[in-house]
K.L.:
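The structure is given below, and queries will be raised subsequently.
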Amino acid sequence: MSSDNDLEPPDHAPVATDDAGLHGGDATGSGLVAEKAKRLQKLTDIRESGGNPYPYRFDRTCTLAELRAEHGALEAGTETEVEVAVAGRVMLMRDSGKLIFATVRDRDDEVQLFVSKAVIGDDAFAALRDLDLGDWVGVHGTVMTTRKGELSVKVQQFELLSKAVRPLPDKWHGLTDTDTRFRQRYADLIVNEEARRSFRVRHEIIASFRRTLHGRGFIEVETPVLHVEAGGAHARPFITHHNALDMQLYLRIALELHLKRLIVGGMERVFEIGRIFRNEGISTRHNPEFTMMELYQAYGDYSEMIEITERLITQAALDATGTSVVTVHGPGEASLEVDLAQPWRQARMIDLIEEAIGVPVHPSQPLEELRALAAQHGVACAPRWGTGKIIEELFEATAEHRLVAPTFVTGHPVEISPLARVDRNDPFLTERFELFIGGREIANGYSELNDPVEQRLRFEDEQTAKDLGDDEAATAIDEDYLRALEYGLPPTGGLGIGMDRVAMLIAGVHSIKEVILFPTLRPEVF
RNA sequence: GCCCCUCUAGCUCAAUGGUAGAGCAGUGGACUUUUAAUCCAUUGGUUCAGGGUUCGAGCCCCUGGGGGGGCACCA
């Protein structure tokens with residue numbers, strides 16, 4: 001506990017935090033300070049009468065969902081002899097004199113407590129009436145239904161399990177202020193069903209991915225988060241420092257290069273679901289730390305990666321929501337119902353550009369021709385860009401936003417795909433794909449480049465390109481990775497999927513912050 | 001980094017530049033089948049902070065801060 005613990009009674013509190021009643025609130029009013037003071041006084045009263053407002057444990061006989069599963073079908077007005085012990089947080093209380101109805105909630109369900117003064121006695125009844133919304137309670141009682149048919153526990157005994165000293169947000173409207181929702185996620189989860197649902201969906205998706213991959217013989221591994229070189233993608237890294245080694249380290253921006261080392265080592269099928277870090281802007285689609293799933297499969301190529309991508313995501317939707325139908329949002333207000341179980345479109349990047357602008361393009365075209373075309377479509381080209389980079393920019397400017405229904409964009413130019421293998425039918429393109437749904441990039445995969453000589457040349461081309469631009473310091477060539485390739489990387493297919501974006505898609509939410517429990521925010525000023 | 005929007009009671013929201021209000025939560029009271037219980041009464045505010053304009057600012061202007069959206073960045 002820190003020394004500025006705000007649970008101190010107000011007359012001792014050295015610092016006001018969000019207690020706006022610092023000047024006006026007192027124990028006789030109903031500001032936050034007064035409210036907390038009242039509840040703290042209850043703690044004192046409980047202790048003085050020999051009770052413990054924070055007991056060590058409570059043994060339930062069942063969860064509320066189990067209770068409902070077993071007794072949910074009882075007819076209205078039924079009393080049973082079935083004794084249960086259940087626990088949860090008090091969310092609502094309805095006091096009608098000598099009866100109190102309280103709604104308690106545990107992780108997965110809610111149930112009503114039926115409390116009769118005649119059953120539990122005057123003292124216990126008064127103590128129960130003294131509970132506050134937000135308190136945790138454990139109760140012993142019998143299963144019943146009310147006249148209206150509400151499944152209830154008729155309370156024989158109850159026990160305060162933990163006192164809530166701070167009041168809950170509005171019981172009906174919950175929390176709507178995004179700032180508060182993200183900073184105080186605990187409060188968001190307590191009062192907003194939608195928030196609980198999104199994170200449940202996220203969990204089910206990740207669990208589904210693991211099941212699918214285990215079923216296909218993939219081994220889950222963990223590779224370093226601290227990298228000597230931030231490779232495997234182009235993004236600005238977070239930089240940190242190791243004291244004992246007195247060296248600069250980077251938080252990883254991709255999983256790729258370590259996982260492929262494991263394929264060199266003969267592990268054949270590996271995957272990792274892990275946090276990666278990119279020191280870029282924050283938006284509805286970007287958080288500085290986010291979760292990537294990458295997998296690598298020996299003897300496979302990009303076509304198998306396309307198949308497994310489709311399978312993983314469709315199965316995850318089914319497992320998380322019970323349906324493969326999702327609603328995707330295109331540009332503007334338009335939305336589209338998509339059944340992920342239907343086959344997904346595949347199209348080459350250059351063909352999608354032609355579709356959009358009516359002119360064929362190819363990285364073998366003269367640079368000046370592509371520059372002119374780019375200019376026509378409002379793409380400002382940097383001098384160092386080659387034909388491949390211009391084609392990618394053209395794609396982003398003219399075609400990408402149209403890809404609302406799931407689409408595998410394939411055949412990225414070699415120039416922008418330094419770790420992907422050249423297309424067996426076109427030396428200017430790679431065997432690569434990116435999956436777009438709702439105009440958002442969801443996944444990226446390819447046939448892995450496994451020729452160590454060619455890989456070194458590609459890295460060197462990257463270096464040259466970076467040296468020409470003044471963007472960021474060029475990442476040094478990863479010599480250890482090249483050494484690994486020299487031992488022999490078998491033919492391999494690789495895939496990366498942005499888990500947060502999959503969760504957004506399947507949960508049907510519009511911001512990445514809705515699927516990240518604690519999104520990155522500026523620190524709160526206390 | 002740039003542009004737009006936003007910030008009022010613990011929460012959800014009102015308030016032509018003219019006395020800051022309501023609902024919920026809280027407090028007191030009534031009620032033995034409620035369901036956001038209901039009914040009666042009632043407490044609670046440095047309107048994000050600091051400046052300015054004005055007889056008068058929650059409201060208009062400036063600066064700063066938090067958040068949201070968009071752009072840029074993000075192969």
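Numbered from 1 within each chain, the chains take letters A, B, ... in sequence-line order.
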K.L.:
For a quick check, with a 4.0 angstrom heavy-atom cut-off, what is the B/S/- contact string for nucleotides 1-7 of chain B, read 5' to 3'?
P.N.:
-------
K.L.:
Looking at B:rU12, B:rU27, B:rC71, which one has an atom nearest to any side-chain atom of A:Arg285?
P.N.:
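Of the options given, the side chain of A:Arg285 lies nearest B:rC71.
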K.L.:
What's the closest nucleotide to the A:Leu133 side chain, out of B:rC74, B:rG68, B:rA25?
P.N.:
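Nucleotide nearest to A:Leu133's side chain: B:rA25.
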K.L.:
Below 4.0 angstrom from OP1 or OP2 of B:rG69, is there any side-chain N or O of A:Thr284?
P.N.:
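For B:rG69, OP1/OP2 do not have a side-chain N/O of A:Thr284 under 4.0 Å.
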K.L.:
Sticking with atom C1', work out how far B:rC2 lies from B:rA72, rounded to a whole angstrom.
P.N.:
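It works out to 8 Å between them.
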K.L.:
C1' atom, B:rU53 versus B:rC7: distance in rounded Å?
P.N.:
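Here B:rU53 and B:rC7 have their C1' atoms 22 Å from each other.
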K.L.:
Considering only B:rA75, B:rU12, B:rA37, which nucleotide approaches the side chain of A:Asp177 most closely?
P.N.:
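Closest of the options to the side chain of A:Asp177: B:rU12.
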K.L.:
How far, in whole Å, is B:rC40 from B:rG52 if one measures between their C1' atoms?
P.N.:
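Approximately 48 Å lies between the C1' atom of B:rG52 and that of B:rC40.
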K.L.:
Please measure how far the P atom in B:rC62 lies from the corresponding atom in B:rU19, and state the result in whole Å.
P.N.:
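Pairwise P distance, B:rC62 against B:rU19, rounds to 25 Å.
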K.L.:
Rounding to the closest angstrom, what is the interatomic distance between B:rU46 and B:rA20 at atom P?
P.N.:
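These two P atoms come out 14 Å apart once rounded.
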K.L.:
Please work out which of the three classes, parallel, tilted or perpendicular, describes the rings of A:Phe459 and A:Tyr481, given edges at 30° and 60°.
P.N.:
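Because their plane-to-plane angle lies in the 30° to 60° range, the rings of A:Tyr481 and A:Phe459 count as tilted.
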K.L.:
What contact category does A:Glu392 fall into here, base, sugar-phosphate, or nothing, at under 4.0 angstrom with non-hydrogen atoms?
P.N.:
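Sugar-phosphate only.
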K.L.:
From the list B:rA75, B:rU33, B:rG69, which nucleotide is the closest neighbour of the side chain of A:Ala235?
P.N.:
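Nearest to the side-chain atoms of A:Ala235, counting from C-beta on, is B:rA75.
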K.L.:
In whole Å, what separates the P atom of B:rG64 from that of B:rC5?
P.N.:
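B:rG64 and B:rC5 have their P atoms separated by 16 Å.
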K.L.:
Can you tell me whether the side chain of A:Asp170 and the base of B:rG23 have a donor-acceptor pair closer than 3.5 Å?
P.N.:
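Such a pair exists between side chain and base.
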K.L.:
Looking at OG1 of A:Thr103 and CG of A:Leu64, how far apart are the two atoms once the value is rounded to the nearest 0.5 Å?
P.N.:
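The distance works out to 11.0 Å.
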K.L.:
When the ring centroid of A:Tyr446 is compared with that of A:Tyr302, is the distance short of 6.0 Å?
P.N.:
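Centroid separation for A:Tyr446 and A:Tyr302: 6.0 Å or greater.
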K.L.:
Considering all heavy atoms of both residues, which atom of A:Thr291 and which atom of A:Asp500 are nearest to each other, and what is their separation?
P.N.:
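The pair with the smallest heavy-atom distance is N-OD2, 2.7 Å.
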K.L.:
Under 3.5 Å, is there a donor-acceptor pair between the A:Thr223 and A:Glu272 side chains?
P.N.:
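Looking only at side-chain atoms, A:Glu272 and A:Thr223 do form a donor-acceptor pair, the distance falling under 3.5 Å.
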K.L.:
Would you say a side-chain N or O of A:Arg94 is under 4.0 Å from OP1 or OP2 of B:rA37?
P.N.:
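For A:Arg94, the contact criterion (side-chain N or O under 4.0 Å from OP1 or OP2 of B:rA37) is met.
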K.L.:
Please determine if a side-chain N or O atom of A:Lys148 lies less than 4.0 Å away from the OP1 or OP2 oxygen of B:rU33.
P.N.:
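No, because none of the side-chain N or O atoms of A:Lys148 sits under 4.0 Å from OP1 or OP2 of B:rU33.
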K.L.:
Look at all strands and tell whether A:Lys154 reaches a base, only sugar-phosphate, or nothing, counting heavy atoms closer than 4.0 Å.
P.N.:
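Answer is nothing: A:Lys154 stays at 4.0 Å or more from every strand.
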K.L.:
Touch check for A:Ile100, heavy atoms < 4.0 angstrom, all strands: base, sugar-phosphate only, or nothing?
P.N.:
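No contact.
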K.L.:
Which value, in whole Å, describes the distance between the C1' atoms of nucleotides B:rG17 and B:rC60?
P.N.:
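8 Å, rounded to whole Å.
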K.L.:
I'd like to know if A:His286 reaches the base of B:rC74 with its side chain such that a donor and an acceptor end up less than 3.5 angstrom apart.
P.N.:
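Present.
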K.L.:
Please pick, from B:rG66, B:rU32, B:rG10, the nucleotide with the shortest atom-to-atom distance to any side-chain atom of A:Asp179.
P.N.:
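That would be B:rG66.
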K.L.:
Please determine whether any donor N or O and acceptor N or O are separated by less than 3.5 Å between the side chain of A:Thr146 and the base of B:rU34.
P.N.:
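When only heavy-atom distances are counted, A:Thr146 does reach the base of B:rU34 through a donor-acceptor pair under 3.5 Å.
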K.L.:
Just call it for A:Ala187: base, sugar-phosphate, or nothing, with non-hydrogen atoms closer than 4.0 Å on any strand.
P.N.:
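No contact.
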K.L.:
Does B:rA37 have OP1 or OP2 under 4.0 Å away from a side-chain N or O of A:Lys171?
P.N.:
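Yes.
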K.L.:
Verify the ring-centre separation between A:Phe101 and A:Phe114: is it less than 6.0 angstrom?
P.N.:
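Yes - the distance between ring centres of A:Phe114 and A:Phe101 falls below the 6.0 Å cut-off.
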K.L.:
Base, sugar-phosphate, or nothing: which does A:Gly174 touch, judged by heavy atoms less than 4.0 Å apart?
P.N.:
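The answer is sugar-phosphate, as A:Gly174 gets under 4.0 Å only of primed atoms, P, OP1 or OP2.
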K.L.:
Between A:Thr178 and A:Gln112, which residue's closest nucleotide on RNA chain B lies nearer the 5′ terminus?
P.N.:
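Looking at RNA chain B, the more 5' nearest nucleotide goes with A:Gln112.
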K.L.:
Can you tell which of B:rU33, B:rG70, B:rU12 lies closest to the side chain of A:Leu175?
P.N.:
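So the side chain of A:Leu175 is nearest to B:rU12.
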K.L.:
Taking the side chain as every heavy atom from C-beta outward, state whether A:Leu419 and A:Leu257 have any pair of such atoms under 4.5 Å apart.
P.N.:
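A:Leu419 vs A:Leu257: side chains touch.
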K.L.:
Could you check A:Phe518 against A:Tyr186 for ring-ring contact (aromatic ring centres under 6.0 Å, His included), going step by step and ending with a plain yes or no?
P.N.:
CA-CA 10 Å; A:Phe518 299 100; A:Tyr186 35 87; 7.6 Å; no
K.L.:
Looking at B:rC60, which nucleotide sits across from it as a Watson-Crick or G-U wobble partner, both distances under 3.5 angstrom, or is there none?
P.N.:
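Pairing partner, where one exists within any strand: B:rG52.
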K.L.:
Taking the nucleotide of RNA chain B with the nearest heavy atom to each, does A:Leu99 or A:Glu280 sit closer to the 5' end?
P.N.:
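Whichever sits nearer the 5' end wins; that is A:Leu99.
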K.L.:
What contact category does A:Asp95 fall into here, base, sugar-phosphate, or nothing, at under 4.0 angstrom with non-hydrogen atoms?
P.N.:
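Base, at least one base heavy atom under 4.0 Å.
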K.L.:
Does A:Thr176 have a side-chain nitrogen or oxygen under 4.0 Å from the phosphate oxygens OP1 or OP2 of B:rU12?
P.N.:
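A:Thr176 to B:rU12 OP1/OP2: side-chain N or O found under 4.0 Å.
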K.L.:
If we count only N and O atoms by modelled type, under 3.5 Å, do the side chains of A:Gln455 and A:Arg421 hold a donor and an acceptor together?
P.N.:
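Not at all, the side chains of A:Gln455 and A:Arg421 share no donor-acceptor pair under 3.5 Å.
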K.L.:
Between A:Arg183 and B:rG66, does any side-chain N or O lie under 4.0 Å from OP1 or OP2?
P.N.:
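Answer no for this pair, as no side-chain N or O of A:Arg183 is under 4.0 Å from OP1 or OP2.
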